[in-house]
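Below, chains carry the letters A, B, ... as their sequence lines are ordered, and counting in each starts from 1.
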There are 2 protein chains.
Amino acid sequence: MGDLLAKNVDIDERYHHGNLRLALIAAAELELAENGPERFSLRACARRANVSHAAPAHHFGDAAGLLDALSALGFERLCKTILVEMEAAEHTPEVQLASSAVGYVRFAIENQHLFKLMFVNEFRPNASVSLILNAERAFEILVDVIAKQTGVAPLKTPDGWIDIAALWAAVHGYAHLLI
Amino acid sequence: MGDLLAKNVDIDERYHHGNLRLALIAAAELELAENGPERFSLRACARRANVSHAAPAHHFGDAAGLLDALSALGFERLCKTILVEMEAAEHTPEVQLASSAVGYVRFAIENQHLFKLMFVNEFRPNASVSLILNAERAFEILVDVIAKQTGVAPLKTPDGWIDIAALWAAVHGYAHLLI
DNA sequence: TTGTATTCTTGACACTGTCAAGATGAGTGT
DNA sequence: ACACTCATCTTGACAGTGTCAAGAATACAA
């Protein structure tokens with residue numbers, strides 16, 4: 001099940017929680033994994049964190065804010081998963097490219113609900129800055145790996161853009177159809 | 001905006017609506033297009049069809065049932081869009097394959113919310129029979145078009161499966177990243 | 001210690017999906 | 001024409017939801 005955020009957060013009962021923000025994101029991930037996105041509920045996350053039903057509002061504004069923050073963490077984990085996969089593999093351009101794709105798909109499988117959520121939230125009008133930044137970091141990893149394979153900076157040439165689109169589309173579509 | 005279902009349905013005020021089922025699906029599509037999936041509400045669909053809040057239950061069971069039916073209609077329209085695109089193009093195997101992909105992507109763009117909904121609902125435990133059938137019909141179109149390109153029945157050979165997966169993944173991923 | 005901000009709770013509101021009960025009309029057989 | 005049955009739709013109720021305003025509890029700086 002990978003590294004659920006919940007493992008690193010202790011939920012206690014002080015009035016001032018200390019790190020309620022993290023605790024709520026962790027609770028949100030568990031809720032999402034257990035109940036799916038349809039039955040996701042802010043109040044249930046609050047209950048899970050032993051906190052009143054209106055507490056999340058102060059940290060995240062509304063429900064979309066919490067899911068936005070969770071998505072941002074998801075992209076962070078996606079980057080980590082890809083990099084770990086690449087590190088473990090042979091350091092030739094071809095193998096590095098392939099293993100980045102493997103990492104991408106592996107993340108999608110191990111975090112199905114989160115994966116879907118991320119790409120629902122990414123291109124939203126009110127996406128947060130940290131969400132966009134983390135998503136761009138993931139994108140850069142892909143660009144780098146292609147650059148080392150083809151030997152040119154892919155964003156500089158029209159063909160490079162096509163390469164990226166084709167590859168990302170293939171990997172993303174594959175992951176999406178798998179789950 | 002393509003052919004919204006709502007155009008073909010007249011909403012009047014008899015007690016027995018006549019074709020409330022269709023009217024509700026049409027209303028659901030409009031609601032989805034206007035408010036997005038987050039704010040989708042059964043009761044709002046009922047209001048739009050000038051019908052009491054509990055009327056949908058009798059036709060669709062619950063909210064998922066209505067969205068399931070809408071998804072089924074979505075796949076029907078997807079097939080139609082692809083076939084129209086293919087018909088308008090040159091009838092050589094290559095061009096037919098390409099134009100089926102164009103139709104696929106065009107549908108995704110013109111029916112963004114519906115497109116997403118369809119692939120959320122397709123592989124669900126309780127998907128309806130008609131939904132599955134319509135989705136399979138769309139799949140068959142793809143298989144046919146590949147068969148005519150490669151000259152072999154793609155489902156019979158392992159390489160054929162890989163061709164299909166690669167192509168669908170590419171087209172689907174491309175469409176998904178576009179919207 | 002006192003005062004101010006931050007963090008969280010309480011209570012309320014309108015809204016949602018779903019259920020049970022009943023009203024309404026369509027269709028069928030006589 | 002009538003009565004009967006069944007599918008269709010309404011009404012009313014319930015628990016649960018997101019969100020807001022007001023206030024309580026705590027932390028922190030002066």
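Closest to the side chain of B/Ser41, out of C/dT16, C/dT18, D/dT17, is C/dT16.
For the pair B/Glu31 CD and C/dT16 P, the computed distance is 10 Å after rounding to whole Å. Between the NE2 atom of A/His59 and the C1' atom of C/dT6 there is a distance of 9 Å, given to the nearest Å. Taking atom CZ of residue B/Arg21 and atom P of nucleotide D/dA7, one finds them 16 Å apart after rounding to whole Å. Distance A/Asn19 CG to D/dT26 P: 18 Å, rounded to the nearest Å. With rounding to whole Å, A/Arg48 atom CZ is found 13 Å from D/dT17 atom P. Atom CG of B/Leu42 is separated from atom C1' of C/dT18 by 10 Å (rounded to the nearest Å). Rounded to whole angstrom, the span from the CG atom of B/Leu20 across to the P atom of C/dT24 amounts to 18 Å.
Residues that satisfy the side-chain hydrogen bond (donor to acceptor under 3.5 Å, both in side chains) test with B/Asp62, not counting sequence neighbours, are absent from this structure. Every residue meeting the side-chain contact (heavy atoms from CB on, under 4.5 Å) condition with B/His53, not counting sequence neighbours, appears here in chain and number order: B/Arg43. Considering only residues two or more places apart in sequence or on other chains, B/Asp144 meets the side-chain hydrogen bond (donor to acceptor under 3.5 Å, both in side chains) condition with none of them.
Using a 4.0 Å heavy-atom criterion, one finds that A/Arg47 contacts the sugar-phosphate atoms exclusively.
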Do any N or O atoms of the protein come closer than 3.5 Å to N or O atoms of nucleotides 11-13 of chain D, and which pairs are they?
| from | atom 1 | to | atom 2 | distance (Å) |
| --- | --- | --- | --- | --- |
| D/dG12 | O6 | B/His53 | NE2 | 2.9 |

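Listed by first and then second residue, the side chain to side chain donor-acceptor pair (under 3.5 Å) pairs that reach into residues 82-95 of chain A are A/Glu85-A/Arg106, sequence neighbours excluded.
Through direct or indirect side-chain contacts shorter than 4.5 Å among Ile, Leu, Val, Met, Phe, Trp and Tyr, A/Leu133 is connected to A/Val129.
When the side-chain nitrogen and oxygen atoms of A/His58 are compared with OP1 and OP2 of C/dC8, none of them lie within a distance under 4.0 Å.
Taking 4.5 Å as the limit, some side-chain heavy atom of B/His113 sits within range of a side-chain heavy atom of B/Pro37.
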